[in-house]
Amino acid sequence: YIFYLMFNSMQSRRPFHSRWLLAGGFAVVSLFALTVLHTAGPVTASLGSFTDVHESHTNFTAIEFVRIHGIVHGYQDGTFRPDTLITRAEFTKMLVTASQQIEQNDICLTSPVDIADYSDVAVYGWYMPYLCIATRAGIVSGYRDGSFKPAQNIAMSEAAKITVTAFGFPISMESSGTETLWFMPYMRALESINAIPPSIIYPQQLLKRSELAEILYRIISENGSLRS
C-alpha cells in the first residue's frame with residue numbers, strides 16, 4: 001500500500017513532500033568513555049581531508065563541514081567511505097555529536113547505565129555512550145521487541161524522525177490520507193528547512209554516510225543549529 005501511494009504521488013505535481021510517502025549492567029571508567037567518544041569504533045581522528053572524498057563529489061562541501069566541526073572523523077585508513085550505507089549506531093553517534101547533546105548528559109561519559117535495557121547491544125560497544133545520551137534525551141527508544149539493532153542500516157524515514165527529535169524541530173499533523181504514515185510529519189519538517197538531499201527519492205531508502213553529512217550540513221549551516 002505504501003509503495004502504491006508513493007508511486008502515484010511521484011507522478012503528480014504536488015509539493016516535494018507529497019511524493020513521500022541500552023543496555024543495563026554497564027559500567028566503564030571515565031578515561032575509557034572519553035576515549036570511546038573520540039577514537040573507538042569505526043571512526044577515529046583524521047588530521048586532514050578524507051583520502052576518498054574529492055572536490056568533485058556531490059557532497060564534498062557537506063563532508064568537509066562535518067569533518068571540520070568534529071562531527072565525524074573518518075576511519076583509521078583516512079577514508080570516509082561516503083557511499084557506504086550508515087548503520088543505526090553510526091547514525092546515532094553523528095547525530096548526538098551534531099546536535100550537541102553530549103554536554104547535557106555527562107553521566108553517559110562515565111557510566112552509561114541509566115538507559116533502556118536494549119536486548120541486542122554489546123555491553124562494551126563503542127557506541128554505548130552515544131546510545132546512552134540519545135536514550136536519556138528521548139531521541140531514540142528502540143523497537144517494540146526491545147532491540148536497538150545497532151548494526152542495521154537506517155532508512156530515511158527513521159532518520160527523519162530521530163533528526164527532527166534531536167534538533168527539536170516542530171512538526172505539524174495534516175488531515176490527509178498520507179498522514180496514516182507515521183514518518184510524514186518528520187519528512188515534511190526536514191523538507192521545510194531544505195534539509196533533504198536530492199538523492200533521497202523515497203522514505204524507505206537506506207541512508208548513505210555522505211547523505212547524512214549533507215542533511216547535517218544543511219541543518220547546521222543554513223539554519224544555525226550548531227551552538228558555538
Side-chain angles (χ1 to χ4, degrees), residues 1-12 14-21 42 57-63 65-66 71-72 80-99 127 130-131 134 138-144 147-174 176-223 225:
Y1 175 70
I2 293 177
F3 288 114
Y4 173 79
L5 290 176
M6 289 164 47
F7 176 78
N8 283 277
S9 61
M10 287 175 67
Q11 311 307 314
S12 68
R14 296 173 62 192
F16 183 67
H17 69 261
S18 65
R19 293 183 289 147
W20 299 68
L21 280 115
H57 194 284
T58 301
N59 307 115
F60 174 80
T61 300
I63 294 171
F65 180 89
V66 296
I71 297 171
V72 65
F80 177 70
R81 304 175 194 175
D83 297 324
T84 298
L85 296 177
I86 194 166
T87 66
R88 286 170 54 82
E90 292 174 326
F91 175 85
T92 300
K93 183 268 179 185
M94 288 179 65
L95 193 66
V96 164
T97 305
S99 58
Y127 52 83
Y130 304 105
L131 184 52
I139 297 171
V140 299
S141 58
Y143 292 94
R144 292 182 180 179
S147 66
F148 180 72
K149 298 179 172 59
Q152 177 174 291
N153 298 129
I154 192 168
M156 182 63 212
S157 55
E158 294 178 301
K161 179 179 180 180
I162 298 173
T163 301
V164 168
T165 302
F167 284 97
F169 296 136
I171 61 173
S172 62
M173 302 296 292
E174 293 182 357
S176 68
T178 62
E179 291 314 302
T180 57
L181 303 177
W182 61 267
F183 52 77
M184 284 304 296
Y186 305 100
M187 297 290 284
R188 280 203 315 274
L190 291 184
E191 180 198 352
S192 69
I193 58 173
N194 191 36
I196 300 178
S199 58
I200 300 297
I201 302 174
Y202 56 94
Q204 304 307 327
Q205 181 173 331
L206 296 179
L207 202 63
K208 295 179 181 179
R209 289 168 58 82
S210 59
E211 291 169 334
L212 176 56
E214 185 69 34
I215 291 171
L216 296 177
Y217 167 68
R218 292 181 178 216
I219 289 175
I220 297 169
S221 67
E222 297 181 20
N223 297 277
S225 296

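As the structure is a prediction and not an experimental result, all values here were calculated from the model.
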S.K.: Evaluate side chain to side chain contact (heavy atoms under 4.5 Å, CB included) for T87 paired with Q152, printing each intermediate quantity in order.
M.R.: CA-CA 5 Å; T87 66; Q152 177 174 291; over 6 Å; no
S.K.: Measure the shortest side-chain to side-chain distance between P150 and L131 over non-hydrogen atoms and say whether it is less than 4.5 angstrom.
M.R.: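 When only atoms from C-beta onward are counted, L131 and P150 do not touch, as no gap falls below 4.5 Å.
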S.K.: Can a donor-acceptor pair be found, under 3.5 Å and without considering hydrogens, that links the side chain of R209 to the backbone of F80?
M.R.: yes
S.K.: Taking C-beta and beyond as the side chain, do I71 and L95 meet within less than 4.5 Å on heavy atoms?
M.R.: no
S.K.: Determine yes or no for a side-chain-to-main-chain donor-acceptor pair under 3.5 angstrom, with T163 supplying the side chain and A160 the backbone.
M.R.: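 No; zero donor-acceptor contacts below 3.5 Å.
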S.K.: Measuring only between side-chain heavy atoms, which start at C-beta, is S192 closer than 4.5 Å to F169?
M.R.: no
S.K.: Would you confirm whether K161, through its side chain, and M187, through its main-chain N or O, come within 3.5 Å as a donor-acceptor pair?
M.R.: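 Pair absent, no side-chain N/O of K161 close to backbone of M187.
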S.K.: How many angstroms lie between CD1 in I139 and OG in S99, if you round to the nearest 0.5 Å?
M.R.: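 Answer for the CD1-OG pair, I139 versus S99, is 5.0 Å.
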S.K.: Compare all side-chain heavy atoms of M156 with those of L190 and state whether any distance is below 4.5 angstrom.
M.R.: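 SC-SC contact between M156 and L190 confirmed.
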S.K.: With side-chain contact (heavy atoms from CB on, under 4.5 Å) as the test, pick out the partner of I154 among L212, L85, I162.
M.R.: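 Of all the options given, the one that passes is I162.
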S.K.: Do you know which two heavy atoms are closest between P185 and I171, and how far apart they sit?
M.R.: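 What the structure gives for the nearest pair is O-CG2, 3.9 Å.
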S.K.: If you compare all heavy atoms of A62 against all heavy atoms of A213, which two are closest, and at what distance to 0.1 Å?
M.R.: CB-O, 3.6 Å
S.K.: Side-chain contact, heavy-atom cut-off 4.5 Å: F183 with Q204?
M.R.: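 Yes, close enough: below the 4.5 Å cut-off.
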S.K.: As an exercise, state the distance from CD1 of I219 to CZ of F167, rounded to the nearest 0.5 Å.
M.R.: 5.0 Å
S.K.: Which heavy atom of K93 sits nearest a heavy atom of T97, and at what distance?
M.R.: O-OG1, 2.8 Å
S.K.: Are a donor atom and an acceptor atom from the side chains of K208 and S210 found within less than 3.5 Å of each other?
M.R.: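 Their side chains do not contain a donor-acceptor pair, so the 3.5 Å distance test is not met.
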S.K.: Any side-chain heavy atom of N194 sitting closer than 4.5 Å to one from R218?
M.R.: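 Yes. Closest side-chain heavy atoms under 4.5 Å.
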S.K.: Could you check whether any side-chain heavy atom of F148 comes within less than 4.5 Å of a side-chain heavy atom of T92, counting everything from C-beta outward?
M.R.: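 Counting from C-beta outward, F148 and T92 do come under 4.5 Å.
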S.K.: Examine the side chains of E191 and Y186 and answer whether a donor and an acceptor come within less than 3.5 Å of each other.
M.R.: no
S.K.: Side chains of N59 and P82: closer than 4.5 Å at any heavy-atom pair?
M.R.: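 No, too far: nothing below the 4.5 Å cut-off.
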S.K.: The test is side chain to side chain contact (heavy atoms under 4.5 Å, CB included); show your working for I63 and V72 and say whether it passes.
M.R.: CA-CA 9 Å; I63 294 171; V72 65; 5.9 Å; no
